[in-house]
Amino acid sequence: MVSINKEVKLLSMFLILFFITTSLDIEGQDDQSNNFSKNGEIKSDRNFKVGLALSGGGARGIAHIGVLIALEEEGIPIDYIAGTSMGSIVGGLYAAGYNGKAQKEIVHQIDWEGIFNENPEPGSELISKRYGMMESIVTLRFKFWDIFIPFGLMNGQRINDELFKYTAKANYAAKFNFDSLSIPYRPVVVDISTGEVVAIDKGDLAQAIRGSMAIPFLFYPAKINDRYMVDGGVLNVIPTDIVKNMGADVIIGVDLEGLFPLGKEPTNLMEIADHTIDIMIRELKQKNIALADVLIEPQLGQHSSTDYSEFDSLIAKGYRAAKGKMNEIKKIIPYKILENKKTKHQLDLTLLEKSIIGEINVIGNEYLFSEAILDDFALSVGDKFNLGIAVQSTKNIYASNLFNNVWLELDTLSNEKLKVNIKVIEKYPRTIGFGVNYREDEGVSGFVQIIHFNLFGWGERLMPLFRFGKLRTKAGIEMANDRFFGTPLTFNNGLYYESEYPYLYNTAGDHYDQMDFKRVVGLFSIGVQAYRKIHVSGGLRWERIWYKNNRTNDGYENKDNLFLYGKMNIDNTDNRYLPTKGIRFVMEGETILNYEKNTQPFSKMSTELSGVFPLPFKQRINPFVKIGTSNEKLPIYEKFRIGGSLIMPGFSRDELWGNHYAIFGITYLIETIKKINFQFNVTYGNVFEKYSNFRWDNLIGGISIGFVTISPIGPISLLYGRNELGRDQVYLSAGYEF
């Protein structure tokens, strides 16, 4: 009896509560179940909260944007949001105030090819650095004797720059508290040391999102509060539990993980690995999927998680999937909530750029002085904060090539001024680089270069080098600095030995002999660079040279020469080898200061001007002019040498020798499939012993045609050249020039 009475009382109380709650709903409801969660818990209209959990999925995660657009159109309120991996990016931007349509525009603006590139952005590089180091295809880094093993294939630097650009204003307005964003938000990460799943609730929003998408092996972990964090999808693929803990009454989950189809047998080793991982992911996410009151699963087919294309299609599929679940969503959300449209927490996005900088700190540097880093940061204490300048300054610091990662973290001081922390993770300071290339005239060449960065803490580079090849060898040591003691001054000093054996050709284009030049060279130069794209330098070069007219003679002539030389280089192109836009101007000259009785004083100067102008449909043209002149007293080892596919088609490289030269040309390129460029080139030019010989009718016309592309080992080109003299030649090259 006692137990029966208790059950009756409980049932009576339940019925009373049920009728009270239904009678309070003035509008009434068609389905009485819409005040209940999936777990049967009663929902109160007042303070009813909806949570959105966004899964990972790589490029497939773009479909989350379509889901957001559909929810916005239907007036579905989102009170809490949590995300993993790509879901953390979409969710974080949404919490920062970017609605679905705004994010659709953003994904079309981002350079998805460049954003995963570790190389510094071309506009951030110092011109002295672009042309100041050999470009290796394999580089090993050392800290004392410890070799550096990368944390991943990509460091995510450009991604962090983009995230900071889009989130900094909202994060500052929210006082770095993720609960105070437009929508309370949690990016989900995993502490790689402890295995703890962490839902970050405050701090630097960009770095938190960056940690949540740091897929192990693919991206470097993100350093957050001195902890290394990786993709939350390692342990929490769809964070429904996180939004539940935030206080959500109803949870909408979006699952975009493209898992291996069950029942399909793998056919190779990679598929076995994928299938094995997917089995573990399915097991991990079952519990979280069970927490979702509504689960949206856009059907994205075989779209790869690494395929950052067809964004409109992905967004449309996410949109359709969400629309298909709308009735189900509306059944479990009280009508009052849907009718009384909630407004997001409005953030004052003007606050950040109204703030005055009260303090700037550098954190994480061990080898490089803080002053050398601050020299590249274009804001100072007392300035108003400027987001664009701050982001560009971060890119400039990273372009020093001394850091694995650079990012900004903001805070407020007690006097309400802004504190800017420049956080860095330095690279190991010693490297060994290996390079190789192929040219049809020389065959395979290579080099080994050791570089010790930050020898004295100002970014100096000490660079021993050994180059080997059929036509040229070189061994020596150089020391250079692009920011001497944090100033715009540069220096470059070195001592090296080199030998060179250039071919001599007959009129038919056959080489019949080789010259033999050997030099010991010491050089000293100083310079100044402005706006990162203009470098003017000059100095002294001493050399002792041994030379003979062919390699069969036993006797060498030798000279001791001291030169005064100078150079100006202006370059704002976006790529050294295959630019798509920009202009380059180079002028250099030298004159001998000492000369022996049997040597006439000589001097020479050369200049080059070229521009790359983009055209529609991935086309571009590159007009150029190259001119060299002298006082016509150049010894054989100082003569100008020209030739090759783009300079004098039909002639071998360095085939034509003279006291003067002039080249006029234009190159047309169009990008075809897989980044391969079709190239067509027309030039007119020649060499001259006497200035009086320069006449337009003495110029030799030529064309070249073929293909060129950029590969992991450097540029690769295959061209056919022919000139009006009937000379033709095939040119094949692979690898960076050195």
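We use all heavy atoms of the structure for the numbers below, so side chains are in, but hydrogens, waters and symmetry mates are not.
The aromatic ring centres of F707 and F678 sit less than 6.0 Å apart. Aromatic pair F148/F142: centroids not less than 6.0 angstrom apart.
Residues N677 and R620 come closest through the heavy atom pair OD1-NH2, 2.9 Å. Nearest heavy atoms, Q157 versus N404: OE1-O, 4.3 Å. Residues G459 and N454 come closest through the heavy atom pair N-OD1, 3.0 Å. The heavy-atom pair separating A96 from A170 by the smallest distance is O-CB, 3.5 Å. Between W407 and K223, the shortest heavy-atom contact is CZ2-O, 3.7 Å. The two residues F694 and F688 come nearest to each other via the heavy atoms CD1-CE1, 3.3 Å.
R430 pairs by the salt bridge (Lys or Arg N to Asp or Glu O under 4.0 Å) definition with nothing, not counting sequence neighbours. Residues forming a salt bridge (Lys or Arg N to Asp or Glu O under 4.0 Å) with R130 (at least two apart in sequence, or on another chain): E125, D571. With sequence neighbours excluded, no residue forms a salt bridge (Lys or Arg N to Asp or Glu O under 4.0 Å) with D654. Listed by chain and number, the residues in a side chain to side chain donor-acceptor pair (under 3.5 Å) with K395 are E121 (sequence neighbours excluded). The salt bridge (Lys or Arg N to Asp or Glu O under 4.0 Å) test applied to K618 returns E671, not counting sequence neighbours. Not counting sequence neighbours, E118 has no partner by the side chain to side chain donor-acceptor pair (under 3.5 Å) test. For Q679, the side-chain contact (heavy atoms from CB on, under 4.5 Å) test picks out L646, T667, L669, V708, L719, with sequence neighbours left out. In this structure N119 satisfies the side chain to side chain donor-acceptor pair (under 3.5 Å) test together with N117, sequence neighbours excluded.
Residues N561 and Y637 have side chains that bring a donor and an acceptor to within less than 3.5 angstrom of each other. Judged by distance alone, the side chains of Y668 and Q619 do bring a donor and an acceptor atom under 3.5 Å apart. Of the N and O atoms on the side chains of S630 and H660, not one donor lies less than 3.5 Å from an acceptor on the other residue. Checking K427 against N401 by side-chain atom types alone, a donor-acceptor pair falls below 3.5 Å. No donor-acceptor contact under 3.5 angstrom links the side chains of D411 and Y172, judged on distance only. At a cut-off of 3.5 Å, with distance as the only test, no side-chain donor of S704 or S645 sits close to an acceptor on the other residue. A donor atom on one side chain and an acceptor atom on the other are found under 3.5 Å apart for Q392 and S124.
For the pair L455 and M479, the minimum side-chain heavy-atom distance is below 4.5 Å. Within the 4.5 Å cutoff, the side chain of T167 has heavy atoms near those of the L93 side chain. By the 4.5 Å heavy-atom criterion applied to side chains, V406 and K423 are not counted as neighbours.
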Mind listing the side-chain donor-acceptor pairs of residues 482-489 below 3.5 Å, one per line with the distance, residues two or more places apart or on another chain?
from: D482; atom 1: OD1; to: S128; atom 2: OG; distance (Å): 2.7
from: D482; atom 1: OD2; to: K129; atom 2: NZ; distance (Å): 2.9
from: D482; atom 1: OD2; to: R461; atom 2: NH1; distance (Å): 2.4
from: R483; atom 1: NE; to: D375; atom 2: OD2; distance (Å): 3.3
from: T487; atom 1: OG1; to: F484; atom 2: O; distance (Å): 2.6
from: T487; atom 1: OG1; to: L489; atom 2: N; distance (Å): 3.1

Which donor-acceptor pairs under 3.5 Å do the side chains of residues 357-367 make with protein atoms, sequence neighbours left out?
from: E359; atom 1: OE2; to: N361; atom 2: ND2; distance (Å): 2.7
from: N361; atom 1: ND2; to: N421; atom 2: OD1; distance (Å): 3.0
from: N365; atom 1: ND2; to: L368; atom 2: O; distance (Å): 2.8
from: N365; atom 1: ND2; to: S370; atom 2: OG; distance (Å): 3.1

I'd like to know whether M154 forms a side chain to side chain contact (heavy atoms under 4.5 Å, CB included) with L218, so could you lay out the CA-CA distance, the side-chain angles of the two residues, the decisive distance to 0.1 Å, and finally the verdict. CA-CA 6 Å; M154 293 172 278; L218 185 61; 3.2 Å; yes
Start with the C-alpha gap between N686 and Y661, add the side-chain angles, then the distance that decides, and say whether side chain to side chain contact (heavy atoms under 4.5 Å, CB included) holds. CA-CA 6 Å; N686 209 342; Y661 75 91; over 6 Å; no
Assess whether salt bridge (Lys or Arg N to Asp or Glu O under 4.0 Å) is satisfied between R541 and E590, documenting all intermediate values. CA-CA 9 Å; R541 187 179 84 248; E590 65 180 23; 2.9 Å; yes
Report the C-alpha separation of F738 and F447 in whole Å, then their side-chain angles, then the decisive distance to 0.1 Å, and conclude whether the ring-ring contact (aromatic ring centres under 6.0 Å, His included) test is met. CA-CA 8 Å; F738 49 78; F447 75 82; 4.9 Å; yes
Verify side chain to side chain contact (heavy atoms under 4.5 Å, CB included) between N171 and L410, making sure each step is shown before the conclusion. CA-CA 9 Å; N171 196 36; L410 308 179; over 6 Å; no
Start with the C-alpha distance between I663 and I627, add both sets of side-chain angles, then the distance that settles side chain to side chain contact (heavy atoms under 4.5 Å, CB included), and finish with yes or no. CA-CA 6 Å; I663 306 292; I627 295 174; over 6 Å; no
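Under the ring pair (Phe, Tyr, Trp, His ring centres under 6.0 Å) criterion, the residue pairs touching residues 112-141 are W112-Y308, W112-F311, F116-Y308, with sequence neighbours excluded. Sorted by first and then second residue, the pairs that involve residues 153-168 and meet salt bridge (Lys or Arg N to Asp or Glu O under 4.0 Å), not counting sequence neighbours, are E162-K165.
Checked by atom type and distance alone, the side chain of D204 never pairs as donor or acceptor with a backbone atom of E409 at under 3.5 Å. For the pair Y98 (side chain) and Y166 (backbone), a donor-acceptor distance under 3.5 Å is present. No donor-acceptor pair under 3.5 Å is formed between the side chain of E638 and the backbone N or O of L634. For N160 (side chain) and I209 (main-chain N/O), no donor-acceptor pair under 3.5 Å exists by modelled atom type. T431 places no side-chain N or O within 3.5 Å of a backbone atom of G433 that could act as its donor or acceptor partner. Of the possible polar contacts, none joining the R584 side chain to the G611 backbone as a donor-acceptor pair under 3.5 Å is found.
Contact check on R576 versus E737 returns no salt bridge, with no Lys/Arg side-chain nitrogen under 4.0 Å from an Asp/Glu carboxylate oxygen.
Summarising the geometry, atom OG1 belonging to T394 is positioned 3.5 Å from atom CG belonging to L408; distances are rounded to the nearest 0.5 Å. The line from CG of L379 to OG of S393 is 5.5 Å long, rounded to the nearest 0.5 Å. Between the CZ atom in R653 and the CZ atom in R641 there is a gap of 14.0 Å [rounded to 0.5 Å]. Atom CG of L418 sits about 11.0 Å away from atom CG of D383, to the nearest 0.5 Å. Taking CG of L153 as the start and CG of N155 as the end, the distance is 11.0 Å to the nearest 0.5 Å. Taking CG from L462 and CZ from F453, the interatomic distance works out to 11.0 Å, rounded to the nearest 0.5 Å.
Cation-pi contact between K604 and F640: present, with separation from the ring centre below 6.0 Å and deviation from the ring axis of at most 45°.
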